[in-house]
Amino acid sequence: MSQRTASDVFVHCLEAEGVRYVFGIPGEETLDLNRSLAEGAVEFVPVRHEQGAAYMADMYGRLTGSPGVCLGTLGPGACNLVTGLADAFLDHAPVVALTGQGDLGRMHKESHQYIDLVSMMRPITKWNARLNSPAMIPEAVRKAFKVAQSQKPGPTHLELPEDVMEAPLDAEPLPVKTGQRRPEPSGAEIEEAARLIQDADRPVVLAGNGVLRVGAAYAGREFSHVTGIPVAETFMGKGVLDYQDDNALGTVGLQSRDYALAGFDDAALVITVGYDLVEHAPVNWNPDRDKRIVCVDTAPVEIDEYYMTDSDLIGDIELTLNRLAETCGSVVETGGSGRLNEIVLGHFEAARDDDRFPMTPPRALWDIRQALGPRDILVSDVGLHKLWITRMFPAHEPNTVMIANGLAGMGFALPSAIAAKLVCPDRHVVTVNGDGGFLMNSQELETAMRLKTAIVNVIWEDRQFGSIVWKQEKKFNRHFGVDFTNPDFVRLAEAYGLPAWRCESVDAFPEHLRHALTLDVPSLIVLPIDYSLDVALSEELGQETVAT
Ligand SMILES: Cc1ncc(C[n+]2csc(CCOP(=O)(O)OP(=O)(O)O)c2C)c(N)n1
């Protein structure tokens with residue numbers, strides 16, 4: 001038997017971690033690793049730009065809870081991973097990034113494509129290391145996965161010098177422990193929080209990304225139903241409650257009065273559940289710092305002068321919510337107002353009869369909602385369309401409206417959707433993109449076609465960076481530096497082998513969409529969009545408070 005190399009052991013460690021895919025682009029400095037991957041059980045998925053690989057790993061991590069893995073070579077390959085890893089860092093997606101590197105012997109001097117990747121990755125990873133010797137591999141891989149997955153999750157990075165990976169090594173992976181005890185707050189902490197909640201005037205829940213991340217949405221529903229306390233959701237918390245649930249207050253955060261109209265002004269206490277401060281700063285819902293706050297989360301809370309908590313219930317969110325519901329029982333004076341939902345869903349429902357063309361965003365979202373089932377997935381790119389989606393697109397189930405929020409990088413949707421389809425082959429996956437962001441990673445149409453990931457890509461075409469136009473018009477009454485022309489997107493998609501259509505009438509969109517959803521290959525729909533309707537829907541909702 002030929003001698004095993006460090007790269008063989010490395011891949012064996014990935015297999016032990018349960019890795020299914022490595023998304024990436026190989027390089028001359030990852031030859032041994034790619035050879036070992038080719039001979040092992042993990043599928044290497046070649047992509048067309050490393051940013052796409054990082055976003056695929058990010059979405060894989062979001063939807064499975066297990067780290068997605070991406071690979072770039074040294075220097076330029078690693079640099080291209082950065083945007084996707086920064087996204088995973090700010091939105092807390094578990095990812096393990098692997099990068100090639102030159103030999104250990106040339107790192108102290110100027111040399112071809114050498115950049116100190118460990119330093120470069122430091123601010124956007126939870127942990128990050130160079131493999132200085134083959135013997136480190138079992139420990140380093142186990143640590144990279146454990147840290148990426150532990151709360152709150154995020155990316156880790158391993159830099160793999162070429163000479164380390166080709167060296168002989170005979171070693172086994174460290175055991176991967178599962179079924180460990182889930183930490184919980186103490187009984188006394190639960191009781192104190194329950195007392196605060198029972199004594200408070202008109203409490204409400206603010207549910208965030210963390211609830212979905214740990215699969216605790218159903219515990220959130222149960223908590224709301226047992227206690228009677230209604231739930232407002234952040235953009236990334238969509239689907240904690242079905243939007244048709246009587247206790248659903250809607251998605252808050254786009255405009256300043258969202259919170260007031262969901263009942264926050266009258267609430268003396270807010271229970272934040274799985275809320276990451278990066279989602280929307282607490283100054284927006286607690287501007288006078290007068291609310292009592294019960295925090296249910298997986299990790300100690302961040303400090304913010306507008307978020308000084310009265311009770312921290314740190315541990316497993318599902319267990320905590322179950323115990324808190326049991327201890328609180330039915331709460332007498334619950335808060336919340338249905339006004340926000342009335343306004344937003346009122347516009348949404350009315351859109352069904354809006355036959356203007358180019359289409360208005362609410363009508364487009366109405367058609368998408370009708371075409372998708374409750375568990376199907378909508379992935380938004382970044383731009384004005386994202387604000388419309390977060391404002392208005394109603395979710396039935398958790399993890400069905402996926403967005404890039406913390407970093408909010410354009411180009412997120414297409415590669416992420418490919419991974420969503422790999423993870424959820426039985427669910428429809430639709431992307432909505434601006435014509436600006438779509439071209440940032442459109443090369444991944446080739447990856448989608450090759451993998452036969454049957455995602456439907458909808459481009460809202462306005463030949464402008466729409467959200468910047470919107471902001472410039474509000475600030476200066478004019479816009480500049482935001483107009484462009486587009487390629488013929490239909491012919492572009494066809495060049496990759498995808499079926500594609502341009503909508504020429506309002507009825508064409510639902511027709512094309514429904515047809516596209518029956519196909520077993522990816523497809524593309526160009527939808528001329530009319531952004532003249534303000535996403536800041538009404539004065540009653542106040543000024544917008546977020547950036548795209
Ligand atoms: C990678 C990246 N570059 C720049 C921005 C800043 N930015 C946010 S939205 C936006 C315009 C988006 O335009 P488009 O993709 O056409 O979508 P639309 O707003 O028209 O829906 C820009 C430039 C960003 N978020 N990400």
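Whatever order the structure lists them in is the order used to number ligands and atoms, beginning at 1.
For the residue pair D530 and S532, a side-chain donor N or O sits within less than 3.5 Å of a side-chain acceptor on the partner. Side chains of D435 and N486: a donor on one and an acceptor on the other come within 3.5 Å. Residues E473 and H479 bring a donor and an acceptor atom of their side chains to less than 3.5 Å of each other.
Heavy atoms of A408 found under 4.0 angstrom from ligand 1 belong exclusively to the backbone. Only side-chain heavy atoms of I468 come within less than 4.0 Å of ligand 1; its backbone N, CA, C and O stay farther off. Residue V469 does not touch ligand 1, judged by heavy-atom distances below 4.0 Å. When non-hydrogen atoms are compared, ligand 1 lies under 4.0 Å from the side chain of Y531 (C-beta onward) but not from its backbone. Contacts with ligand 1 closer than 4.0 Å are made by no heavy atom of K386, backbone or side chain.
Salt bridge status for R62 with D87: present, with a side-chain N to carboxylate O gap under 4.0 Å. Ion pairing of D376 with R369 is absent here, as no side-chain N (NZ or NE/NH1/NH2) approaches a carboxylate O to less than 4.0 Å.
T548 OG1, 3.4 Å is the protein heavy atom nearest to atom 8 (C) of ligand 1. At the top of the distance list for atom 4 (C) of ligand 1, counting protein heavy atoms only, stands M410 SD, 3.5 Å. Atom 15 (O) of ligand 1 has its closest protein heavy atom at G437 N, 2.7 Å. Closest protein heavy atom to atom 16 (O) of ligand 1: G436 N, 2.9 Å. Among protein heavy atoms, the minimum distance from atom 17 (O) of ligand 1 is reached at G434 CA, 3.4 Å. Protein heavy atom closest to atom 9 (S) of ligand 1, with residue, atom name and distance, is S467 OG, 2.9 Å. Of all protein heavy atoms, the one lying nearest to atom 20 (O) of ligand 1 is G466 N, 2.9 Å.
Polar contact check, L384 against ligand 1: a nitrogen or oxygen pair lies under 3.5 Å apart. The N/O atoms of G383, backbone and side chain alike, include none that comes under 3.5 Å of an N/O atom in ligand 1.
Ligand 1 has at least one atom lying under 4.0 Å from a heavy atom of G409.
For ligand 1, the atoms closer than 4.0 angstrom to any heavy atom of Q464 are 16 (O), 20 (O). Listed by atom number, the atoms of ligand 1 under 4.0 Å from H385 heavy atoms are 17 (O), 18 (P), 21 (O). Interface atoms of ligand 1 facing V382, defined by a heavy-atom separation under 4.0 Å, are 12 (C), 15 (O), 25 (N).
Close placement of the H515 and W501 rings is indicated, their centers lying within 6.0 Å of each other. Here the two rings, on F348 and F393, have centers that are 6.0 Å apart or farther. The six-membered or imidazole ring of F484 lies near that of F465, with a centre-to-centre distance under 6.0 Å.
Residues meeting the side-chain hydrogen bond (donor to acceptor under 3.5 Å, both in side chains) test with T518, sequence neighbours left out: none. In this view, T298 and Q151, K152, V214, I317 satisfy the side chain to side chain contact (heavy atoms under 4.5 Å, CB included) rule, not counting sequence neighbours.
Ring pair Y275/W285 is perpendicular by interplanar angle, where above 60° counts as perpendicular and below 30° as parallel.
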